[in-house]
Amino acid sequence: LKARRLLGQQDYDSSEAQDFKSLVFAIQSEALVESVAIQGSVLGSVDLVPEEFHEPLGRLLYESIRNVSKHSGTLVAEITLEFGEELLCAEVKDRGIGFDLELVPGDRFGISSMMARASQMGGQLWIETDRGMGTSVRLRLPLK
């Protein structure tokens with residue numbers, strides 16, 4: 001913890017990180033979330049995102065970061081958020097071990113819940129991964 005303070009990084013607990021605006025601030029601050037060092041960029045204003053999207057977006061982004069921590073073999077996530085007048089684009093990317101998406105058991109809740117959240121908001125979610133190549137989770141969400 002002392003080293004994190006010296007580096008100017010703050011560790012966010014899971015309850016705070018799931019709050020969308022707090023999570024956006026953590027990304028802007030390149031903080032630690034779930035012990036993952038965030039390398040991020042945020043374009044546009046979070047105020048363009050309707051309030052009803054805050055909770056599902058926070059949960060979806062947090063789950064993506066948690067997956068980096070639990071499964072990638074790396075502790076760095078590159079996150080890009082772009083807030084436009086009509087469209088939100090987000091990407092959570094790691095340079096970890098990757099995985100074979102087709103080998104993920106159907107009873108795994110993480111990926112299916114992320115896909116369901118994106119769909120319920122009217123957005124699209126893509127997961128690109130391959131063994132040894134890292135993973136990228138991308139979201140496109142119409143805001144109007």
Side-chain angles (χ1 to χ4, degrees), residues 1-85 87-105 107-121 123-143:
L1 190 60
K2 186 176 180 182
R4 292 177 188 156
R5 279 194 219 115
L6 290 173
L7 292 171
Q9 295 177 320
Q10 182 176 353
D11 204 350
Y12 283 74
D13 68 38
S14 61
S15 61
E16 187 174 1
Q18 288 186 47
D19 173 72
F20 181 62
K21 286 191 174 184
S22 294
L23 187 54
V24 171
F25 179 75
I27 293 165
Q28 290 172 316
S29 304
E30 298 195 342
L32 294 173
V33 178
E34 283 291 310
S35 300
V36 173
I38 303 298
Q39 296 177 348
S41 66
V42 178
L43 305 170
S45 172
V46 69
D47 295 330
L48 294 170
V49 179
E51 183 73 32
E52 66 266 18
F53 289 156
H54 285 204
E55 181 183 346
L57 276 171
R59 289 180 182 275
L60 194 152
L61 289 170
Y62 178 73
E63 181 68 22
S64 297
I65 295 167
R66 212 170 118 233
N67 285 340
V68 171
S69 175
K70 288 173 60 178
H71 304 295
S72 75
T74 184
L75 293 177
V76 177
E78 300 169 37
I79 302 177
T80 304
L81 296 176
E82 295 180 40
F83 302 112
E85 291 285 331
L87 184 68
L88 176 147
C89 294
E91 181 176 29
V92 177
K93 184 166 112 176
D94 69 63
R95 298 179 191 272
I97 60 172
F99 62 98
D100 187 336
L101 195 55
E102 292 186 15
L103 295 179
V104 175
D107 64 346
R108 296 301 301 255
F109 186 66
I111 292 174
S112 61
S113 71
M114 290 167 55
M115 294 285 198
R117 282 190 216 296
S119 179
Q120 288 167 352
M121 291 184 289
Q124 296 174 298
L125 186 81
W126 296 270
I127 299 174
E128 296 176 359
T129 186
D130 204 355
R131 292 206 175 273
M133 302 301 292
T135 301
S136 172
V137 176
R138 292 183 303 136
L139 172 71
R140 286 179 49 95
L141 177 65
L143 297 177

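A heavy-atom distance below 4.5 Å is not found between the side chains of Val76 and Arg95. Using a 4.5 Å heavy-atom cutoff, the side chains of Leu125 and Leu60 are in contact. With contacts defined as side-chain heavy-atom distances shorter than 4.5 Å, the pair Leu143/Phe53 qualifies. In this structure the side chain of Val137 never reaches within 4.5 angstrom of the side chain of Asn67, judged on heavy atoms.
Below 30°, between 30° and 60°, or above 60°: for His54 and Phe20 the angle between ring planes is between 30° and 60°, a tilted geometry.
Atom CD of Glu52 is surrounded by more than 12 heavy atoms from other residues, nucleotides or ligands within 6.0 Å.
Under a 4.0 Å N-O distance rule, the pair Glu34/Lys70 does not qualify as a salt bridge. Here Arg59 does not pair with Glu63 in a salt bridge; the nearest charged N to carboxylate O distance is not below 4.0 Å.
In this structure, CD in Gln120 is found 13.5 Å from CE in Met115, a value given to the nearest 0.5 Å.
Each of Thr74, Asp130, Thr129 was scored for a side chain to side chain donor-acceptor pair (under 3.5 Å) with Thr135, with one residue passing: Thr129.
The minimum heavy-atom distance between Val24 and Val46, with the atom names listed, is CG2-CG2, 4.0 Å. Counting all heavy atoms, side chain and backbone alike, Ala90 lies closest to Leu81 at CB-CD2, 3.4 Å.
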